[in-house]
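Data block below; observations after.
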Amino acid sequence: MAEHDHSHDHAHDHDHPRLSELQLRVKSLESLLVEKGLVDPAALDVFIDTYETKVGPRNGAGVVAKAWVDPDFKRWLLRDAGAAIKSFGFEGRQGEHMVALENTDRVHHMVVCTLCSCYPWPVLGLPPVWYKSAPYRARAISDPRGVLADFGTTLADGVEIKVWDSTAELRYLVIPQRPAGTEHLSEEGLAGIVTRNAMIGVETLSYPPKPGVETVA
Amino acid sequence: MNGAHDMGGMHGFGPVSVEPDEPWFHGEWEKKVFGLTLACGGLGQWTIDQGRYARENQPPGRYLQSTYYELWLHGLETLLVEKGLVTADELDTGKASGPSNLSALPADRVFKALQQGSPYTRAIDTPARFAVGDRVRVINAHPKGHTRMPRYVRGHVGTVVMHHGAHVFADASAAGDHSIAHHLYNVAFTAEELWGPDGQGGAVHLDLWDPYLEPA
């Protein structure tokens, strides 16, 4: 990965003056907002802790694994994703209106937000830097095969790619294909082989997982 | 607005670079910007679309050089001053000239607020103009304010594949009016329709409100 690309994604150690200026600006803003009574410091901690430790792609992986083992649940998920996902207790902010998209031998779904960073928080947590970055937002819609290649993903010829640009408050969850050789795995075991990237639609799954692939387990 | 945020189809950004074992936040300041933005959003003084507009409404060069949470910080500071929650002077000095008359969202209400979210569907009297299967063209318009009609789709013809009911209209909500809702559709465009001979096959789907569309 090119260093100059990376520095656009987040303020870096080699960027000391800018970073320390930002840190000071944020500290000053935090103390101002607390002093004015606009922010409860304990609430601030709860917001951060929720998305650091409680909500993440493990949620989505549980939904996917259930869809793989329970055809009735899968039908429900594809018909009314919001209700089906809520049955796990996953709901709320940035997941108010959910749609599930099933990948098959013929169709591969991939999700982007070209205008900002819309992402299904209750099932996947906060989006990774690459999802919010210019290269992904610019190219996912016009060069999806090139973007998939950046992730080391190749699809068979003849597979149709459908890219979903999240331009309103609908949030999309991709149900990846269940890999071959997983017949012996329990629902819990299956959830452990799902990756966040597969639920965005930039990876396909294999079993055992390819080296270097970050599963939710 | 035709801003730098509307980057669908742009060239020159290079490959997608993926950080292995990426943490949820890079440094304490990112956590704080995230938490402060959600906490201040909980005061109910602006809509999510006003938040998006405050982040994207910048000179393109500055937008592209900013990191993600720098954009959030810029948006938050802008809205706090614009809505009169803090003064520009307070922001500069970091010292409060007096307490706010608003009350902070207390910690014990955060979980419930997040879980409830904020549904965007509304009941409206106007019947839907389009049905699944209809061919529609995205209008050619260049509003200076916030819009969720990306440049790359304007003037192009697609097929309605879903009707989501009526949703709060982002363009109006970004201008502060949360009461206007329009029918929202998912529209599929073929890659060839959008990119001509450079299309790779397949389709791009967007959620588009009624005012963005005309019959084709």
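We name chains A, B, ... by the order of the sequence lines, and we start the count at 1 in each one. Bear in mind that the values here come from a model prediction, so they are computed numbers and not experimental data.
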Original post:
For the ring pair A/Phe47 and B/Phe34, is the centre-to-centre distance below 6.0 Å?
Top reply: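 Centroid distance A/Phe47-B/Phe34: not below 6.0 Å, so no.
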
Counting heavy-atom pairs under 4.5 Å to chain A, which of [options] comes out on top?
options	result
B/Gln116, B/Glu56, B/Gln115	B/Gln115
B/Ala170, B/Ala188, B/Ser118, B/Ala191	B/Ser118
B/Leu206, B/Leu38, B/Asp6	B/Leu38
B/Leu76, B/Val33, B/Asn186, B/Val168	B/Asn186
B/Val110, B/Leu85, B/Leu208, B/Thr121	B/Val110

Taking side chain as everything from C-beta outward and backbone as N, CA, C, O, which of these in [X] sits under 4.5 Å from a heavy atom of chain B? Side chain, backbone, both or neither.
X	value
A/Tyr131	neither
A/Ile161	backbone
A/Phe90	neither

**OP:** Search all heavy atoms of A/Trp130 against all heavy atoms of B/Val16 and return the closest pair with its distance.
**Re:** CB-CG1, 3.7 Å

Original post:
Which heavy atom of A/Cys113 sits nearest a heavy atom of B/Arg148, and at what distance?
Top reply: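 What the structure gives for the nearest pair is SG-NH2, 3.9 Å.
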
Treating [X] as the side-chain partner and [Y] as the backbone partner, does any N or O pair qualify as donor plus acceptor under 3.5 Å?
X	Y	answer
B/Ser100	A/Gly37	no
B/Glu90	A/Leu32	no
B/Trp195	A/Ile141	yes
A/Asp165	B/His205	no
B/Glu22	A/Val129	yes
A/Glu160	B/Gly201	no

Going by heavy atoms in the side chains, are [X] and [Y] under 4.5 Å from each other?
X	Y	result
A/Arg137	B/Met10	no
B/Trp29	A/Leu19	yes
A/Pro144	B/Gln200	yes
A/Arg139	B/His11	no
A/Leu170	B/Leu184	yes

Original post:
Just wondering, are more than 12 heavy atoms of other shown residues or ligands nearer than 6.0 Å to NZ in A/Lys86?
Top reply: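 Atom NZ in A/Lys86 is not packed in, count stays at 12 or less.
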
Original post:
Looking at A/Arg18 and B/Glu70, does any basic side-chain N land under 4.0 Å from a carboxylate oxygen?
Top reply: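 Yes, A/Arg18 and B/Glu70 are salt-bridged.
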
Original post:
Do B/Arg52 and A/Glu169 meet the salt-bridge criterion of a basic N to acidic O distance under 4.0 Å?
Top reply: yes

Subject >> Derivation of the salt bridge (charged side-chain N to carboxylate O under 4.0 Å, His left out) call for B/Glu77 and A/Arg25 >> reply: CA-CA 10 Å; B/Glu77 289 174 341; A/Arg25 196 168 132 204; 2.9 Å; yes

Original post:
With only heavy atoms counted, which part of B/Ala39 is less than 4.5 Å from chain A, the side chain, the backbone, both or neither?
Top reply: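 The answer is both parts of B/Ala39.
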
